[in-house]
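All heavy atoms count here, side chains included; hydrogens, waters and symmetry mates do not. Residue numbers begin at 1 in each chain, while the letters A, B, ... track the order of the sequences.
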Amino acid sequence: MRFWLIKSEPDVFGFAELMRRGREPWNGVRNYQARNFLRDMREGDLCLFYHSNARPPGVAGVARVCRAAYPDDLQFDSGSSYFDPKSDPAQPRWSMVDVEPLVAFPALVTLEALRRLPDWADSPLTRKGSRLSVLPVTSEQFWDVLDAAGLSLEDLNGVPA
DNA sequence: GCCAACGTTGGC
DNA sequence: GCCAACGTTGGC
């Protein structure tokens, strides 16, 4: 099992919305590096759900990958802002995964709090100017954040140790 | 293949 | 709303 961080703007789609829906395709990623990380995801991987462009920004909860990468349908939808006319249906350029909510944090673990965690000092997330919307995190980084949220493995329902 | 112009991200 | 940082585009 691997760990990731995925960004979303809460004004557009926040963790609470994921809780309401129960499951959601993680579409609209249009950056090659982020796409490649999506393609590395496996069912069961855990994702820190990060609220960007928010006041304050931070991690709102944990989601689980419930379907590995498959073609993002919005790339072929000419009415979508994520439409990509250069994408070949025979070899789709963009991918998405499905995620489901696992646990909502009692309180946001803010970016400011993340910056104080030693394991997060050299992350693309905390580095100035980084815009990567899907990134791998180490298990140390993941459990640091869980700890900062006041949670532990037992709170991650059904996740094997 | 270079690089200037442009659009977007995202913290503040 | 500002603007720094970054990725992409397209002329040459």
| said: Tell me whether A/Arg64 is salt-bridged to A/Glu100, with the criterion being a basic N under 4.0 Å from an acidic carboxylate O. | reply: yes
| is_close_aromatic(A/Trp4, A/Phe49), centroid dist under 6.0 Å | no
| message | If the condition is ring pair (Phe, Tyr, Trp, His ring centres under 6.0 Å), which residues does A/Tyr32 pass it with, not counting sequence neighbours? | response | A/Trp94
| Within 45° of the axis and under 6.0 Å from the centre of the six-membered ring of A/Tyr70, does NZ or CZ of A/Arg67 qualify? | yes
| Could you give the distance from CG (A/Leu125) to CZ (A/Arg115), rounded to the nearest 0.5 Å? | 7.5 Å
| Whole-Å distance between B/dG11 C1' and A/His51 NE2? | 16 Å
| Where protein sits on nucleotides 1-9 of chain C, one letter per nucleotide: B base, S sugar-phosphate only, - none, heavy atoms under 4.0 Å | ---SBBSSS
